[in-house]
Amino acid sequence: MMPPTIELEGLEVQLGGRTILHGLTGVLKSRAIGLLGPNGAGKSTLINTLLGFHKPSKGSARVLGLDASANGKTLRELVGYMPENDSFIAKMSGVRFVRYMAEISGLPPDQAMERAHEAFVYVGLGEARYRPVGTYSLGMKQLAKLAQAIAHGPKVLILDEPTNGMDPPARKRLIELIREIREASDICLLLSSHLLRDVEETCDEVLILRNGKIASICNLVEERRANRKFLELETVGVEATFTAALETLGCECAIFGNGRIKVVMPDSVEIREVFKVAADRGVQIRRMNHRRDSLEDIFLNAMEQTGVADGRI
Amino acid sequence: MAVYKRKYNPYTGPLTATWPRFFVLTRYAFMDLFKSRFFVLLLILAIVPNLFFAGYIFIANNKTVQLLMQIRSAEFLSVETQYFIIIMMVQTNVAFLLNCWVGPVLISGDLTNGALPLFLSRPFSRADYVIGKLAVLGILLSAITWVPCLLLFGLQSGLARNGWIWSHLWMIVPIILCSAIWILMLSLISLAVSAWVKLRIVATGVIFISFFIPAGLGEMFNAIMGTYWGALLNFSYMFRIVVERGLRDPSRLLGLMGRHEIPVPAAWAVMICVCLFSLFILNARLRAREVVRG
């Protein structure tokens, strides 16, 4: 059985005399994990700890069953890392830079050269591969960083704010690439971002951090499945009888006053049945918003909560 | 892979052994260095004095050439330990100049653009990184210090005959040992300074200063306090003490203490302490992520 992608057991990290991560505990089993949180929540610190750059002051962190502190070198053999900040060797040509990094990861020189070219063409920088990396635009540098992270064929791909500084088409292309990489192999993905859409489009499970604590661990696949039919209604009429009738159909209802009702519908109930119940009870539906519970809702909900025992919602 | 088949493929090929991966850094550094014409010129200039030294040895052992040049005093052309001390001093000074240029080039390029996390997120430690960079300076500075010195020793042995080699064989150890500590000290200082200041030009300047300013302060200390221990801050002088004592008599390599002179063990201790201090700086500065305290 494959070990969980990430296991955290009371992980505490102190840097410069301050506690950055406060006893994180959680198990993330999905192949594509998103790391969300506002600035300063501890996302990059967690990634750096998983890479062995920071030693935990308490607890442990494991990636694919390997302890980040005790088995750091073995773990890093499996990892491809795309850092958030500028990380390149300015005077090297793009393809030489990626080849260099692949060789350090253990690829023989000829294989490293072949993989560097493949990676560069794959990320869409084939035309620019012989130019020095220092002359690349910000978006191109991001793609070069992705190329060096995948050239050696890692089992775990860690992407720290991959779409930073990219224009919308470039961002879309990068997100597509990440999804392709995920689907083309058995690679595990850990993507840190403060952009909810990036995480929503690429990840199956999300770990939300706030002030160095776990605000939420949420399985997006299950959430999407569970909240397929989610209605926000604005009504005029007797709300109580209307919601009682909906509940007999198996719906869950919440009344917020002024005719505002939220309805979670089971798979068996169609929207037309809601209209029929409203007509039967003489309730006017003035506005209907049909949507599923988005990551934004989950994120905002997690940010509003003051504390959750195990962080799972 | 054809361009139209753009698809991510996992790597399933062989991997190289883990321990020699630091040579990747060394190999790439040499490739980059030899692209620079200025470096090639410096290297050639660093090797040129050895040709003069070799010419001198040839003349010293060739009576015909001596007669042609009308040199009559045989003592003037003797090749003994003093001659090898001169070779060592000249070549180690040349090594210092070359080190000032090469050392910062090796590290500053990685640090100014934050490439260190990319190295250290791989199965590659900080020690591997430092060893990889040290190997560059070690090979380069060896090629202009003890290696040519031993070649000249071999040349003299071949030309002198009469058992010269057997009576001077002991010189090989001090030549290698003294060069090794000098090369190690130079390399570590230059890497530590480069890691500290990051900017290449500034690092070159600071390496220069790190040799001359302490020496000047040491002289001031001597003048004010009426002592000679301030010379401990003069690293070149410490090396000179080690070389001169080492090459004068092998039995006195680690023990001799002259009057009003820095003892040889103290000179060795200073150089070892400088190496350790440089390692301390490298340990503090070469980190994947800098942590700001407070």
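A distance of 9.5 Å separates OG1 of B/Thr112 from CD1 of A/Ile89, quoted to the nearest 0.5 Å. To the nearest 0.5 Å, the span separating CG on A/Asn48 from CG on B/Leu120 amounts to 11.0 Å. Between A/Glu103 atom CD and B/Phe124 atom CZ the span is 11.5 Å, to the nearest 0.5 Å.
In the model, A/Glu118 has no side-chain atom that pairs as donor or acceptor with a side-chain atom of B/Tyr8 under 3.5 Å.
Heavy-atom distances place no part of A/Leu78 under 4.5 Å from chain B, backbone and side chain included. Looking at A/Gln148, both its backbone and its side chain come within 4.5 Å of chain B, counting heavy atoms on both sides. With a threshold of 4.5 angstrom between heavy atoms, B/Leu25 approaches chain A through its backbone and through its side chain. Heavy-atom distances place no part of A/Arg182 under 4.5 Å from chain B, backbone and side chain included.
Taking a 6.0 Å sphere around CZ of B/Phe52, one finds it holds 12 or fewer heavy atoms contributed by other residues, nucleotides or ligands. No more than 12 heavy atoms of other residues, nucleotides or ligands sit less than 6.0 Å from atom CG of A/Asn211.
Proximity of B/Thr18 to A/Lys73: side-chain heavy atoms (C-beta onward) are separated by under 4.5 Å at one or more points. Side-chain atoms of A/Lys141 and B/Asn113, non-hydrogen and from C-beta on, never get closer than 4.5 Å to each other.
Using a 4.5 Å heavy-atom cut-off against chain B, no residue of residues 130-138 of chain A qualifies as contacting. For residues 153-160 of chain A, a heavy-atom distance under 4.5 Å to chain B picks out A/Gly153, A/Pro154, given by residue number.
Between chain B and the options A/Leu51, A/Ile181, A/Asp186, A/Leu75, heavy-atom pairs under 4.5 Å are most frequent for A/Ile181. The choice from B/Leu118, B/Asp128, B/Thr12 that makes the most heavy-atom pairs within less than 4.5 Å of chain A is B/Leu118. Per-residue counts of heavy-atom pairs under 4.5 Å with chain B were compared for A/Val79, A/Asn85, A/Ile150, A/Leu177; the largest is that of A/Ile150. When A/Arg96, A/Lys91, A/Met92 are compared by the number of non-hydrogen pairs under 4.5 Å with chain B, A/Arg96 comes out ahead.
Across B/Arg21 and A/Ile104, no two heavy atoms sit closer than the pair CD-O, 3.3 Å.
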What pairs of donor and acceptor atoms, side-chain ones from residues 208-218 of chain B against any protein atom, are under 3.5 angstrom apart with sequence neighbours left out?
| unit_1 | atom_1 | unit_2 | atom_2 | d |
| --- | --- | --- | --- | --- |
| B/Ser210 | OG | B/Val206 | O | 3.3 |
| B/Ser210 | OG | B/Ile207 | O | 2.6 |

Distance-only check: which donor-acceptor pairs under 3.5 Å involve side-chain atoms of residues 105-113 of chain A, not counting sequence neighbours?
| unit_1 | atom_1 | unit_2 | atom_2 | d |
| --- | --- | --- | --- | --- |
| A/Ser105 | OG | A/Met101 | O | 3.3 |
| A/Ser105 | OG | B/Arg122 | NE | 2.7 |

Does A/Tyr122 form a side chain to side chain contact (heavy atoms under 4.5 Å, CB included) with B/Asn9? I'd like the steps, not just the answer. CA-CA 10 Å; A/Tyr122 180 67; B/Asn9 296 309; over 6 Å; no
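The backbone N or O of B/Gly114 lies less than 3.5 Å from a partner atom in the side chain of A/Ser87, making a donor-acceptor pair.
Taking the ring centroids of B/Tyr28 and A/Phe97, they lie at or beyond the 6.0 Å cut-off.
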